[in-house]
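What follows is one structure encoded as structure tokens, with my remarks underneath.
Any value given below was found using the heavy atoms of this structure, including those in side chains, with hydrogens, waters and symmetry copies removed.
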Amino acid sequence: MLKETNLYHYQQKVVNKILELKRVFVHLDMGLGKTLQALAIAHYYLTDWPLLILTPSSMKFAWEEAIRVWLPSVPLHHLQVSNFYIAFY
């Protein structure tokens with residue numbers, strides 16, 4: 001389960017729109033919560049996992065930390081971080 005949080009109104013609007021459209025490109029400015037929005041959407045599709053996150057090397061540990069904070073229900077042994085990807089299974 002996604003850790004209890006209150007998404008800002010604009011974040012919830014983005015999440016709802018993505019769930020409605022299924023395919024989008026989110027291009028918000030830095031610091032507006034794209035990671036949390038992505039994790040909220042990933043959680044919505046939890047039954048469809050595995051999930052693959054492609055990210056620059058400089059961001060992989062930030063993503064790993066965000067997953068540990070916001071998706072505490074994901075067992076740590078299901079989280080795999082490598083030089084090329086972050087995967088859940």
**OP:** Under the side-chain contact (heavy atoms from CB on, under 4.5 Å) rule, what do L46 and L71 come out as? Steps first, then yes or no, please.
**Re:** CA-CA 11 Å; L46 186 65; L71 292 176; over 6 Å; no
Can you run down the salt bridge (charged side-chain N to carboxylate O under 4.0 Å, His left out) pairs that involve residues 65-78, sequence neighbours left out, and say none if there aren't any?
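Output for this query lists E64-R68.
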query: Rounded to the nearest 0.5 Å, how far apart are OG1 of T55 and CH2 of W63?
result: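 Atom-to-atom, T55:OG1 and W63:CH2 are 7.0 Å apart.
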Query raised in the report: Just how far is it from atom CG of L39 to atom CD1 of I53, taken to the nearest 0.5 Å?
Result: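 Reported value, rounded in 0.5 Å steps: 6.0 Å.
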Legend entry - Shortest non-hydrogen contact between V15 and A40, atoms and distance: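 Nearest pair, atom of V15 first, then A40: CG2-CB, 4.3 Å.
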Under the side chain to side chain contact (heavy atoms under 4.5 Å, CB included) rule, collect the residues that match up with [X], sequence neighbours excluded.
X	value
A62	M59
A42	W49, L51
Y8	Y10, Q11

Notebook entry, point to check: Looking at residues at least two apart in the chain, or sitting in another chain, which of them share a side chain to side chain donor-acceptor pair (under 3.5 Å) with Q12?
Noted result: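 Checked Q12 against side chain to side chain donor-acceptor pair (under 3.5 Å); matches are N16.
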